[in-house]
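All remarks here apply to the structure that follows.
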Number of protein chains: 2
Amino acid sequence: MSIYTIAQASEEVELTPYTLRYYEKEGLLPNVIKDSAGRRKYRDDDLQRIGFIKCLKGTGMSLKQIKEYGDLYEQGKAKFKERNAMLEEHREKILQEIKTQKKYLKMVEAKIQMKI
Amino acid sequence: MSIYTIAQASEEVELTPYTLRYYEKEGLLPNVIKDSAGRRKYRDDDLQRIGFIKCLKGTGMSLKQIKEYGDLYEQGKAKFKERNAMLEEHREKILQEIKTQKKYLKMVEAKIQMKI
DNA sequence: CTAACAGTTAAAGTTAACTCTAAGTCAAGA
DNA sequence: TCTTGACTTAGAGTTAACTTTAACTGTTAG
């Protein structure tokens, strides 16, 4: 399938229809089209975009920053440098976060081993 | 030093005095004592507890669950099993989260490499 | 033809986790 | 003694990210 209703898209990306509409209202999904009755139609492009939004959000980027990134993305190769700079900075943040998670994992494991 | 004012503890654990009072109000720090003038005095025990709270919180546990854990902790070895079960479950969550972070890291890196 | 259904909008409500304000207390230094 | 500064409390305010409500509309099955 390559055209989805909001219910189908919701199922596909594991976000509620409320959330999808909310993301759109916040400007994160500028390319979702509507049919003659005003109903949203999601295409594969849209689902991929949502997938990347989930990736950025899941690694701690705020919706506000995700929107900034998306806005740069919309401006095409003119803003390629800025856009990639954002991603590279974010990459560092993720690496740091993984380190922190590993440290915390060790703390939790130590506590489990304590047996007191 | 082994006794800290709220300002010193705040500095030590990198949380604002507001947050420390808030955690206490929420029951996460049941053992903080006060001097004759009613001012909080943090001991090393308290700082360690805050350190572990930061660990749990930093790995996605809600303050509500952290309080549950702390409440079990207060009940000593009677609740050892339950307490450790919580930690073991949380350990799995952290492991899963690290996996997810690594997957997302790859996605971001792929996007960086795209050069479009 | 009509009832049920899946969608629409604008706007209000919710939740977690702080963060700040206002009014007050207490101890220490000039 | 007076003032300054670091604390105290209860309670209000903030922010992000949803989540729900109310009122409405267009599509589809009987």
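All values reported here derive from a predicted model rather than from experimental measurement. Convention: sequence-line order gives letters A, B, ...; per-chain numbering from 1.
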A:Glu26 CD - C:dA11 C1' separation (whole Å): 14 Å
Pair [X] + [Y], salt bridge at N-O below 4.0 Å:
X: B:Glu24; Y: B:Arg40; value: yes
X: B:Asp45; Y: B:Arg49; value: no
X: A:Lys67; Y: A:Glu26; value: no

Verdict with reasoning, A:Glu97 to A:Gln101, per side-chain hydrogen bond (donor to acceptor under 3.5 Å, both in side chains): CA-CA 6 Å; A:Glu97 184 58 19; A:Gln101 295 299 309; 2.6 Å; yes
Under 3.5 Å, which protein N or O atoms sit close to an N or O of nucleotides 5-9 of chain C? Give each pair with its distance.
from, atom 1, to, atom 2, distance (Å)
C:dG7, OP1, A:Thr5, OG1, 3.3
C:dT8, OP1, A:Arg40, N, 2.9
C:dT8, OP1, A:Arg40, NH1, 2.8
C:dT8, OP2, A:Arg21, NE, 2.8
C:dT8, OP2, A:Arg21, NH2, 2.9
C:dT8, O5', A:Arg40, NH1, 3.3
C:dT9, OP1, A:Lys34, NZ, 2.6
C:dT9, OP1, A:Arg40, NH2, 3.4
C:dT9, OP2, A:Arg40, NH1, 2.9
C:dT9, OP2, A:Arg40, NH2, 2.8

Minimum-distance pair of heavy atoms, taken over all atoms of A:Glu82 and A:Leu72: OE1-CD2, 3.7 Å
Separation between CG of B:Leu87 and CD of B:Glu89, rounded to the nearest 0.5 Å: 10.5 Å
Could you list all N or O pairs between the protein and nucleotides 12-18 of chain D that sit under 3.5 Å apart?
from, atom 1, to, atom 2, distance (Å)
D:dA17, OP1, A:Leu63, N, 3.4
D:dA17, OP2, A:Leu63, N, 3.3
D:dC18, OP2, A:Tyr23, OH, 2.6

Cation-pi, B:Phe52 ring and A:Lys111 (6.0 angstrom, 45 degrees): yes
Co-membership, hydrophobic cluster, residues B:Leu95 and B:Met61, 4.5 Å side-chain: yes
